[in-house]
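A short worksheet on the structure shown next.
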Amino acid sequence: MIAIPAHVREVLERLWEAGFEAYPVGGCVRDVLLGKTPQDWDICTAARPEQTRAVFADRRVIETGMKHGTVTVITDGRPVEITTFRVEADYGDRRHPDSVAFVQSLREDLARRDFTVNAMAFDADGGVIDPFGGQEDLARGVIRCVGEPEERFREDALRILRGLRFAARLDFRIEERTAEALRDNRALLNDISRERFFSELKGLLCGTGAGEVLRAFPEVIFTVIPELAAEYGFEQNSPHHIHDIWTHTTMAVDAIAPEPALRLTMLLHDVGKPEKYFTDENDVGHFYGHAEAGAVKADAILRRLRCDNDTREAVTLRIRYHDIEPPQTKKGVRRLVVKLGEPTVRDLIACWKADSADRAAPVRKRNLAFIGVTEGLLDELMAQESCFSLRDLAVDGSDMLELGMEPGPALGDTLRELFRMVTEEGVPNEKETLLRYVKKP
C-alpha cells in the first residue's frame, strides 16, 4: 500500500465521494517507485474544472489554468494541483496546445504525456496503473517517449531538454528511438523561450549523470549555446591535458558540487579557449588570456539566456579568475580574500579542483597539492584574522573625526592606508595601535 500523504488523500476521497475518478499521477508516482519522497503531488480526475471547484467550495481554490483543466486546491496549507483528464491538439508555438479536449479516460490522459516514467498513476488501493511500461523503464534505467517520439517533441519542443534533464537527474540512458528523435528535432529548441531553456539546463547540469548526458548529446546543447561548439573535438596538445576541450568541460562539470552557479561555471569556464589557442616552437598548445575571453563570452551567453544577475556575476567572476595560480603564501591568500571575499575564494578552490580532475596523473597530483596548500592557508587565515574589508577595520570615520580630521577624501584615504597596513604589512588591527599611526606627525 502506497503511503499517500493525508492532505492528498483527503482531496482524493472528496472527489471519489462526489462520484469522480481521481488518481495521483506523473512525477509523484515516479518518485515513490524510485524510493524518493515527492516534492509535489498532482492529481488527475474525470471532474471538469468547474466541478472540481464546486467539490472544494469550502476551500481556497486557485484557478491555475481553467482553460486547460487545472485548478489548485489549498488543503492543510499545502497546494494540490488537480487537472481534468484531457487530450491536446496542435502546438502552434511548439510549446502549448492550441486546443484541449476534456475526456473521461485516464488512459487517454496518460497517452498525451512526455515519457513513460511520467505516465503512471496510483489507483485507490495504491496499485500502479501503467499502460505504457513506465515501471519496466524505471527498472531498466531508461527514458523513453510515450508513443511516437517525433510527435512528442514536435508537440512540445521543451521535452527535448526535459528528456536530457531526466536522464541526468536519474542517471538513466535515453532509449534509442527517443534519442534519435531528440537529436533530429533539436532545432525546435530555437522556438522555446530562453528562460525555459535556462531553467531546464540548470536542472540538467545539477543531475548525477550530467557529464554523460553532455557527452552523449553535445549537438543539442550547441543548438542554443553555439559558442560551445568550437570546443568539441578541439585537441589541446598540452602535457597538462589528456582530453579535448569539450570532454574536459563535461568531466569538470561532474567534478564540482551540483549547485547551479558552480556547474554553470565549469560548463562555460573554457569557452574562451578555442580563439586563444596557439602553439609554440615545440608544437605545444597554449591558451593565454582564455579566462578573460571566456568571462566575456559567458556574460553574453548568460544574458541571452535571461540568467539572473547574481548568478551571472558569480559565474563570470569565477571564470575570470579560474586560471590564476593558487597562491602559496598567507600574504597571497589574504590579498585574494581581500579582493574577492572568502565565499568566492572557496568557490575558486572548488573550481581549481574540478579543473584538475581529468588531468594527466602527475599534473593532477601536483595541482591538487598546490590547491591543498592554498586551502590550508585560507583555513588558517580565517581562524586567525578578521580584517578583510574596510568594514572590518578596528577604526572608522567617526574615530578620524574625533581626532580632528575634516570630512572628505583625505579621511577615506587614511582609512584605506590603515587597511593596507593591516592586510599587507601585518600591523595589528587594534584601535589604539591604528590611532597612534594616524596621530604621528
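Note that the structure is predicted; figures quoted are calculated from it, not measured. Start at 1 with the first residue, then count along the sequence.
For the pair Lys276 and Phe287, the cation-pi test (distance below 6.0 Å, angle within 45°) is failed.
Under 4.0 Å is where a charged nitrogen must lie from a carboxylate oxygen, and between Asp299 and Arg303 at least one such pair does. A salt bridge is defined here as a Lys NZ or Arg NE, NH1 or NH2 lying under 4.0 Å from an Asp or Glu carboxylate O, and Lys297 with Glu275 meets this definition. By the 4.0 Å N-to-carboxylate-O rule, Glu432 lies too far from Arg436 to be salt-bridged with it. Note on Asp114 versus Arg152: no salt bridge recorded, every NZ/NE/NH1/NH2 to OD/OE distance being 4.0 Å or above. A salt bridge links Glu148 with Arg177: the distance from a Lys NZ or Arg NE/NH1/NH2 to an Asp or Glu carboxylate oxygen falls below 4.0 Å. Salt bridge annotation for Arg183-Glu219: present, with a cationic side-chain nitrogen under 4.0 angstrom from a carboxylate oxygen. Salt-bridge annotation for Asp156 and Arg112: absent, with no side-chain N of the basic residue lying under 4.0 Å from a carboxylate O of the acidic one.
In this structure, Asp254 contributes its side chain and Gly211 its backbone to a donor-acceptor pair below 3.5 Å. In this structure a side-chain-to-backbone donor-acceptor pair under 3.5 Å is present from Thr265 to Ala261. A donor-acceptor pair is defined here as one N or O able to donate and one able to accept, closer than 3.5 Å; no such pair exists between the side chain of Asn118 and the backbone of Phe115. With hydrogens and angles ignored, the 3.5 Å screen pairs a side-chain donor or acceptor of Trp352 with a backbone N or O of His322. Asp399 places a side-chain N or O within 3.5 Å of a backbone atom of Asp396 that can act as its donor or acceptor partner. Arg263 places a side-chain N or O within donor-acceptor distance of the main-chain N or O of Val253, the cut-off being under 3.5 Å. A donor-acceptor pair under 3.5 Å is formed between the side chain of Arg194 and the backbone N or O of Ile192. Counting only distance, with no hydrogens or angles, the side chain of Arg162 and the backbone of Leu158 share no donor-acceptor pair below 3.5 Å. In this structure, Thr311 contributes its side chain and Cys307 its backbone to no donor-acceptor pair below 3.5 Å. Proximity of a side-chain donor or acceptor of Ser356 to a complementary backbone N or O of Asn367 within less than 3.5 Å is not detected.
Within the 4.5 Å cutoff, no side-chain heavy atoms of Glu81 are placed close to those of Val73. When side chains are defined from C-beta on, Asp42 does not count as touching Thr83, because their heavy atoms never get closer than 4.5 Å. Within the 4.5 Å cutoff, the side chain of Cys351 has no heavy atoms near those of the Lys353 side chain. No side-chain heavy atom of Asn237 sits under 4.5 Å from any side-chain heavy atom of Asp283. Side chains of Ser238 and His286 form no contact here, defined as non-hydrogen atoms less than 4.5 Å apart. Side-chain atoms of Arg306 and Phe198, non-hydrogen and from C-beta on, never get closer than 4.5 Å to each other. Annotation: side chain of Pro407 is in contact with side chain of Leu401 (closest heavy-atom distance under 4.5 Å). Between Asp40 and Cys28 there is no side-chain heavy-atom pair separated by less than 4.5 Å.
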Please evaluate residues His241 and Asp358 with respect to the criterion side chain to side chain donor-acceptor pair (under 3.5 Å), reporting the C-alpha separation (whole Å), side-chain torsions for both, the decisive distance (0.1 Å), and the verdict. CA-CA 8 Å; His241 293 278; Asp358 76 319; 5.2 Å; no
Passes side chain to side chain contact (heavy atoms under 4.5 Å, CB included), Ile143 versus Glu175? Steps please. CA-CA 6 Å; Ile143 299 297; Glu175 178 264 342; over 6 Å; no
Going through the distances and angles, do Glu292 and Asp323 end up as a side chain to side chain contact (heavy atoms under 4.5 Å, CB included)? CA-CA 9 Å; Glu292 179 61 33; Asp323 199 43; over 6 Å; no
Stepwise side chain to side chain donor-acceptor pair (under 3.5 Å) check, Gln236 with Asp244: CA-CA 6 Å; Gln236 305 192 64; Asp244 67 89; over 6 Å; no
Can you list the steps and then say if Leu435 with Val395 is a side chain to side chain contact (heavy atoms under 4.5 Å, CB included)? CA-CA 8 Å; Leu435 290 179; Val395 295; 4.0 Å; yes
Leu214 and Leu267: CA distance, side-chain angles, deciding distance, side chain to side chain contact (heavy atoms under 4.5 Å, CB included) verdict: CA-CA 10 Å; Leu214 293 172; Leu267 177 70; 4.2 Å; yes
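Atom CG of Leu268 and atom OG1 of Thr249 lie 8.5 Å apart (nearest 0.5 Å). The structure places CD1 of Ile221 at 6.0 Å from CG of Leu201, a figure rounded to the nearest 0.5 Å. Summarising the geometry, atom CG belonging to Asp137 is positioned 13.0 Å from atom CZ belonging to Arg30; distances are rounded to the nearest 0.5 Å. The CG atom of Leu348 sits 10.5 Å away from the CD1 atom of Ile371 when rounded to the nearest 0.5 Å. Note: Asp31 CG to Gln39 CD = 8.0 Å, rounded to the nearest 0.5 Å. In this structure, Ile82 CD1 and Ile43 CD1 are separated by 5.0 Å, a value rounded to the nearest 0.5 Å.
For Glu176, the CD atom counts as loosely surrounded, since its 6.0 Å shell holds 12 or fewer non-hydrogen atoms of other residues, nucleotides or ligands. By the 6.0 Å contact criterion, CZ on Arg78 is enclosed, its count of non-hydrogen atoms from other residues, nucleotides or ligands being greater than 12. A 6.0 Å sphere centred on NZ of Lys36 holds more than 12 heavy atoms belonging to other residues, nucleotides or ligands. Atom OH of Tyr232 has 12 or fewer neighbouring heavy atoms from other residues, nucleotides or ligands inside a 6.0 Å radius.
Between the side chains of Arg318 and Thr344, at least one donor N or O sits under 3.5 Å from an acceptor N or O. Using modelled atom types and a 3.5 Å distance limit, the side chains of Arg144 and Thr178 yield no donor-acceptor pair.
Listed here is the closest heavy atom pair of Val337 and Glu342: CG1-N, 3.9 Å. When all heavy atoms are compared, the tightest approach of Arg113 to Cys44 is NH2-CB, 4.3 Å. Taking both residues in full, the closest heavy atoms of Ala179 and Ile174 are given as N-CG2, 3.6 Å, listed atom of the first, atom of the second, then distance.
Annotation: ring-ring contact (aromatic ring centres under 6.0 Å, His included) contacts involving residues 200-223, sequence neighbours excluded, comprise Phe222-Trp246.
For His269 and His290, the distance between ring centers is not under 6.0 angstrom.
Checked against side-chain contact (heavy atoms from CB on, under 4.5 Å), Pro274 has the following partners two or more places apart in sequence or in another chain: Ala230, Glu231, Phe234, Ile245. Remark: Pro428 pairs with Glu430, Thr433 by the side-chain contact (heavy atoms from CB on, under 4.5 Å) rule, at least two apart or across chains.
If you run side chain to side chain contact (heavy atoms under 4.5 Å, CB included) between Met251 and each of Met266, Arg359, His243, only His243 comes through.
Under the 30°/60° scheme for interplanar angles, the aromatic rings of Phe278 and Tyr288 are found to be tilted.
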